[in-house]
Amino acid sequence: MVKKIALEEHFLSPGFEDYWQTTAGDITPAMYQQAVARLSDFGDTRLEVMDRGGIARSVLSISGPGVQIERDTATAVRKAKESNDFLAGEIAKRPTRYSGFAHLAMQDGVAAADELERAMGDLGFLGAMINGHTLGQYLDHPSLYPFWERAEALGAVIYLHPADPVAAMPVLEGTRGLKRAGWEWGVETGSHALRLVYSGHFDRYPRATLALGHLGETLPYLLWRLDGRAKFYGVKLGRRPSDYIRDNIVVTISGMFSAEPLMCAISALGHDRIMFSTDYPFEPLDEASEFIDHVELAQDVRADICFNNAKRLLRLPEPGA
């Protein structure tokens with residue numbers, strides 16, 4: 001069994017259940033209660049599952065959308081801070097097992113920048129997880145330039161997590177299993193990441209690092225076509241779209257425990273841009289660990305994906321250090 005760091009591992013802060021419930025309408029009441037119990041646990045249940053899968057450290061993040069759907073900006077800013085303080089308290093109980101990504105109120109770019117700096121400086125967090133758009137505003141909006149300036153200066157990893165789209169996709173109406181995690185969230189999140197690429201965001205912030213789950217939300221599969229169509233349509237960027245995706249985006253295997261997409265991502269991006277995740281408790285952690293422990297990889301590549309890449313990118317100490 002290979003030692004692992006897991007990057008997309010979720011929790012709920014007290015008082016955040018109503019936010020999370022807005023994305024949980026498609027599950028049974030029993031599944032909902034089970035998920036809330038697991039999200040709220042930081043003790044034996046979570047640690048036992050981590051130990052079983054060889055996970056030395058989990059980087060915890062709020063299960064979205066959190067305050068990003070809060071209409072009152074002052075409330076969003078206050079509750080994001082409270083959630084980060086709560087998580088810091090839980091991490092302090094087990095500092096060798098848990099780390100954190102900050103939760104941010106992206107309604108206010110300056111406040112989000114300040115909270116990111118506080119979370120990383122005072123609380124020891126490693127970056128932030130952002131749950132898609134915020135009330136219809138995407139991360140390339142000029143009002144968020146102060147946030148990105150601070151994130152780049154701090155060397156923060158900004159993990160872009162799926163969220164419901166602003167409007168339902170008509171093509172999915174009348175289907176079951178394609179909305180949200182089945183397909184819709186991947187389309188929304190991959191498109192969000194491409195907005196950043198095509199808006200010139202990474203020309204403005206060349207040292208910014210964006211993380212995507214699900215092995216890059218299909219982007220590694222599309223690099224050639226993105227470059228070709230960008231040239232065809234006369235997209236004005238400093239480099240090819242694929243260059244930004246390779247240099248400014250890292251990916252995790254959360255929810256994609258299959259050899260074929262993993263090999264595609266390794267070939268397209270390089271194995272040093274790929275990290276382990278499980279998406280606990282929404283994906284079976286045992287399956288994630290079993291997959292990465294046994295998929296056909298060179299042992300040094302496996303060790304990098306499971307542990308070394310995250311340790312380097314997030315500047316993490318060794319477990320127990």
Side-chain angles (χ1 to χ4, degrees), residues 5 7-16 19-20 39-40 42 57-135 137-161 163 196 201 204-205 207-211 250 310-317 321:
I5 297 169
L7 269 73
E8 189 183 326
E9 317 308 308
H10 299 294
F11 78 99
L12 270 181
S13 295
F16 274 64
Y19 291 136
W20 180 68
L39 288 165
S40 304
F42 298 86
R57 183 182 294 270
S58 286
V59 183
L60 304 179
S61 53
I62 195 80
S63 189
V67 301
Q68 287 180 245
I69 62 170
E70 173 59 57
R71 294 284 175 180
D72 183 77
T73 298
T75 299
V77 171
R78 173 179 57 81
K79 293 192 74 171
K81 181 178 184 297
E82 291 172 357
S83 177
N84 293 331
D85 288 340
F86 170 78
L87 178 58
E90 293 297 332
I91 292 171
K93 298 174 186 177
R94 300 171 180 87
T96 64
R97 303 303 307 273
Y98 296 144
S99 296
F101 281 137
H103 185 45
L104 302 174
M106 302 306 294
Q107 294 88 335
D108 183 329
V110 174
D114 290 343
E115 180 60 11
L116 177 66
E117 184 167 4
R118 185 188 79 91
M120 294 184 70
D122 297 347
L123 306 182
F125 287 7
L126 307 176
M129 178 170 282
I130 297 177
N131 296 290
H133 65 87
T134 301
L135 303 175
Q137 179 173 283
Y138 290 91
L139 288 174
D140 62 327
H141 195 274
S143 68
L144 297 179
Y145 289 176
F147 166 76
W148 282 107
E149 290 167 5
R150 197 83 58 87
E152 185 181 51
L154 291 167
V157 173
I158 304 301
Y159 200 126
L160 180 59
H161 187 269
L196 295 174
H201 177 81
R204 285 187 294 273
Y205 308 107
R207 293 179 290 111
T209 300
L210 187 77
V250 296
K311 182 177 182 292
R312 168 180 48 81
L313 182 70
L314 300 175
R315 295 167 287 184
L316 280 166

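- With a 6.0 Å cutoff to the six-membered ring centre and a 45° limit on the axis angle, Lys93 does not count as a cation-pi contact of Phe42.
- Considering Arg78, Lys79, Met106, Lys81 in turn, Lys79 is the only one that fulfils the side chain to side chain contact (heavy atoms under 4.5 Å, CB included) rule with Val67.
- Between Leu60 and His10 there is no side-chain heavy-atom pair separated by less than 4.5 Å.
- Smallest separation of non-hydrogen atoms from Leu160 and Leu210: CB-CD1, 4.0 Å.
- At a threshold of 4.5 Å between non-hydrogen side-chain atoms, the residues Thr209 and Tyr159 do not count as touching.
- Here the side chains of Met120 and Arg150 are not in contact, with every heavy-atom distance at 4.5 Å or above.
- Atom CD1 of residue Ile69 and atom OG1 of residue Thr134 lie 10.5 Å apart, to the nearest 0.5 angstrom.
- At a threshold of 4.5 Å between non-hydrogen side-chain atoms, the residues Ser143 and Gln137 count as touching.
- Between Arg204 atom CZ and Leu196 atom CG the span is 8.5 Å, to the nearest 0.5 Å.
- Closest approach of Ser63 to Leu12, counting heavy atoms only: O-CD2, 4.1 Å.
- Glu152 contributes a side-chain N or O that, together with a main-chain N or O of Arg207, makes up a donor-acceptor pair within less than 3.5 Å.
- Checking Arg97 against Ser58 by side-chain atom types alone, no donor-acceptor pair falls below 3.5 Å.
- Contact of the Phe16 side chain with the Ser83 side chain is registered, since non-hydrogen atoms from C-beta on lie closer than 4.5 Å.
- No side-chain donor from either of Tyr98 and Glu90 sits under 3.5 Å from a side-chain acceptor of the other.
- Rounded to the nearest 0.5 Å, atoms CG (Leu313) and CG (Leu126) are 9.5 Å apart.
- A donor-acceptor pair under 3.5 Å is formed between the side chain of Trp148 and the backbone N or O of Leu139.
- Considering CG of Asp114 and CG of Leu104, their distance stands at 10.5 Å, rounded to 0.5 Å.
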Inset, instruction - Just do the side chain to side chain contact (heavy atoms under 4.5 Å, CB included) check on Ile130 and Phe147 with the steps written out, would you? - result: CA-CA 12 Å; Ile130 297 177; Phe147 166 76; 3.9 Å; yes
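- With Phe125 as the fixed residue, the side chain to side chain contact (heavy atoms under 4.5 Å, CB included) test singles out one of Leu116, Asn84, Val59: Asn84.
- Heavy atoms only, all atoms of each residue included: Val77 and Ala111 are closest at CG2-CB, 4.0 Å.
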Inset, instruction - Check step by step if side chain to side chain contact (heavy atoms under 4.5 Å, CB included) holds for Arg57 and Ser99. - result: CA-CA 7 Å; Arg57 183 182 294 270; Ser99 296; 2.8 Å; yes
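- Judged purely by distance below 3.5 Å, without hydrogens or angles, the side chains of Ser13 and Glu82 never pair a donor atom with an acceptor atom.
- Of the possible donor and acceptor atoms, none in the side chain of Glu115 sits under 3.5 Å from a partner among the backbone N and O of Ala102.
- With hydrogens and angles disregarded, a donor-acceptor distance shorter than 3.5 Å links the side chain of Arg315 to the backbone of Gly155.
- Of the possible donor and acceptor atoms, one in the side chain of Gln68 sits under 3.5 Å from a partner among the backbone N and O of Gly132.
- Smallest separation of non-hydrogen atoms from Phe11 and Ile62: CE2-N, 3.2 Å.
- Put simply, the side chain of Asp85 reaches to within 4.5 Å of the side chain of Arg118, judged on heavy atoms.
- The distance between the ring centers of His141 and His133 does not fall below 6.0 angstrom.
- Between Trp20 and Leu39, some side-chain heavy-atom pair lies under the 4.5 Å cut-off.
- Of all heavy-atom pairs between Ala211 and Val157, the closest is CB-CG1, 3.9 Å.
- Looking at heavy atoms from C-beta onward, His103 lies out of side-chain contact with Met129 at the 4.5 angstrom threshold.
- Lys311 NZ to Leu316 CG: the interatomic distance, rounded to the nearest 0.5 Å, is 8.0 Å.
- Across every non-hydrogen atom of Ala76 and Gln107, the tightest pair is CB-NE2, 3.6 Å.
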